[in-house]
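Residue numbers start at 1 and run along the sequence shown. Numbering of ligands and ligand atoms starts at 1, following listing order.
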Amino acid sequence: MRFVAIVVSVVFVVMRTEAWSSWGGDDTVLEEEALCPEPQDIFPCVCSNSSILSMKMDCSDVLDEGELAGVFSAFFPIKAFDKLTISRNQFLTTLPDGVFGDVSFTNIYVTGGVLQSVGEAALTSSFTTAKFLMFNNNQITDFPFHILSNFSKLTSMSLADNNLNELPDLFSESLEHLYINKNPLGSVSVSTFTGTPAISVIYLQETNLQEIIPGTFSNLSHLSTVYLFRNSLTEVPSLAVEFPSDKGSVYLSLNNITTVAPNAFPGMMGGTVEVQLNALTELPEEVWRPLLEEGVNITPWGNPLVCGCDIAWLLNTSFIGQIDPMFTTCEDGQKLALLDPADYADC
Ligand SMILES: *[C@@H]1O[C@H](CO)[C@@H](O)[C@H](O)[C@H]1NC(C)=O
Ligand SMILES: *[C@@H]1O[C@H](CO)[C@@H](O)[C@H](O)[C@H]1NC(C)=O
Ligand SMILES: *[C@@H]1O[C@H](CO)[C@@H](O)[C@H](O)[C@H]1NC(C)=O
Ligand SMILES: *[C@@H]1O[C@H](CO)[C@@H](O)[C@H](O)[C@H]1NC(C)=O
Ligand SMILES: *[C@@H]1O[C@H](CO)[C@@H](O)[C@H](O)[C@H]1NC(C)=O
């Protein structure tokens, strides 16, 4: 029944396609073009590869918001698209409410352009279909975060490399990957992720963070990776990032961290704590030993380690292999791996 219905609609669309002959007689092409709107109705957008489950629309060449809205008010034989691409467009500064009409997308990529804002009803037609929302590399200052909970299947969202200067509390039952890196956020509140129970990977590098508020990354039962490198952190407090008893990794390189508190990363088993290129002078046993015992790898190279009695505990343990000992040097240039435990006998 369904097949018949599709064939009938294909035939119907072919019949009303004036530009048909210019597309050749190949059967594959026939089916593809028949599922797309007429090319001239959606120009300068291009509809392609339209097996019914992989309809794609590229609108990279639209000249303004009005033209984009015009395209989506054309006749669309099939309204459920797999992907929308608007790449490196230098004209669209906003996605206005209703701009996509009732055409929906599973993957939305509006990237590398000059977008500044997204209307709260711009993406409504994709609430039940969107899995990927990619808005990276734009100039977004204004994003309707409060509609996240309306996307029932959203798993990945990128707003990386934009101009967002705050991140409100997020609510999404489905969101797993959040890319918010490279925005001048300055801070992230303790409740930001409380409403994202499925979150697994959080990209918060290069967001000018000054501090991690204990509990911000707690009670997230799928959390596996938190990227915090290239921020302005100076201290890592107790309960900074808490993992649900599985491998977890936290990336803290290229900050200005002078101290890491004991119990900073509860729940880590295996995985990595990257702390290279910071301002650590010591590697206290109470901070690092419990992690090393759980099989966590640490990368303390590029820190001004004084290599005093604070590291005596580490030298003749089997754990030293977990800290990049040939790469990690004391402030005076000596490799940790080559220090003589006997020199620390008086500690
Ligand atoms: C076109 O559709 C086919 C079948 O759905 C899919 O296998 C293929 O990857 C698609 N090609 C492109 C370029 O998207
Ligand atoms: C979005 O979800 C909220 C509740 O989470 C609901 O109140 C609101 O009506 C929804 N908005 C739309 C446009 O469906
Ligand atoms: C985590 O959840 C437990 C139990 O619901 C609660 O007691 C605790 O305060 C929460 N921790 C944080 C940091 O929110
Ligand atoms: C790092 O922090 C120290 C104080 O703890 C400060 O003197 C220094 O300027 C900071 N460096 C950078 C690059 O922010
Ligand atoms: C490690 O060194 C300390 C101090 O030199 C010594 O007391 C301890 O027995 C050594 N442990 C091992 C496993 O060699």
Side-chain angles (χ1 to χ4, degrees), residues 45 53 55 57 59 62 64-76 78-86 92-111 113 115-136 138 140-160 162 164-180 183 185 187-204 215-223:
C45 297
L53 293 177
M55 309 272 294
M57 183 73 97
C59 290
V62 295
D64 59 37
E65 289 78 3
E67 188 172 64
L68 186 62
V71 164
F72 287 96
S73 63
F75 172 72
F76 275 65
I78 303 292
K79 293 177 189 296
F81 275 67
D82 173 59
K83 186 172 180 184
L84 168 71
T85 302
I86 302 180
L92 290 178
T93 56
T94 179
L95 289 181
D97 289 349
V99 67
F100 301 117
D102 52 3
V103 176
S104 69
F105 306 98
T106 304
N107 300 285
I108 297 180
Y109 284 76
V110 183
T111 59
L115 198 62
Q116 292 170 17
S117 66
V118 175
E120 66 171 1
L123 307 173
T124 308
S125 55
S126 297
F127 276 172
T128 59
T129 57
K131 294 180 180 165
F132 277 66
L133 293 181
M134 297 291 149
F135 291 103
N136 44 292
N138 287 296
I140 297 173
T141 51
D142 184 18
F143 187 82
F145 286 99
H146 65 274
I147 62 166
L148 282 192
S149 62
N150 296 82
F151 290 95
S152 51
K153 294 183 184 151
L154 182 65
T155 57
S156 284
M157 180 170 75
S158 178
L159 287 162
N162 276 291
L164 294 165
N165 55 27
E166 62 180 339
L167 185 60
D169 290 356
L170 304 177
F171 295 92
S172 168
E173 293 294 320
S174 56
L175 188 67
E176 295 171 12
H177 293 209
L178 175 67
Y179 302 76
I180 197 86
N183 279 281
L185 300 177
S187 65
V188 168
S189 106
V190 70
S191 50
T192 304
F193 303 107
T194 313
T196 57
I199 199 95
S200 161
V201 187
I202 303 176
Y203 296 82
L204 268 170
T216 306
F217 303 101
S218 292
N219 285 345
L220 299 171
S221 57
H222 297 278
L223 190 64

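- Checked by atom type and distance alone, the side chain of Ser172 never pairs as donor or acceptor with a backbone atom of Ser149 at under 3.5 Å.
- The protein does not reach atom 9 (O) of ligand 2 closely, with no heavy atom under 4.0 angstrom from it.
- Proximity of a side-chain donor or acceptor of Asn150 to a complementary backbone N or O of Leu148 within less than 3.5 Å is not detected.
- Close approach to Ser149 involves these atoms of ligand 2, each under 4.0 Å from a residue heavy atom: 5 (O).
- Heavy-atom contacts of Phe127 reach the following atoms of ligand 2: 12 (C), 13 (C), 14 (O) (cutoff under 4.0 Å).
- Using a 4.0 angstrom heavy-atom cutoff, Phe171 does not count as in contact with ligand 2.
- Within a 4.0 Å radius of atom 14 (O) of ligand 2, the protein contributes at least one heavy atom.
- Counting heavy atoms from C-beta outward, Phe151 and Lys153 have side chains that stay 4.5 Å or more apart.
- Here the side chain of Asp97 pairs a donor or acceptor atom with the backbone of Ala121 at under 3.5 angstrom.
- Any N or O atom pair closer than 3.5 Å counts here, and Asn150 shares at least one such pair with ligand 2.
- Remark: aromatic rings of Phe135 and Tyr109 are distant, center separation not under 6.0 Å.
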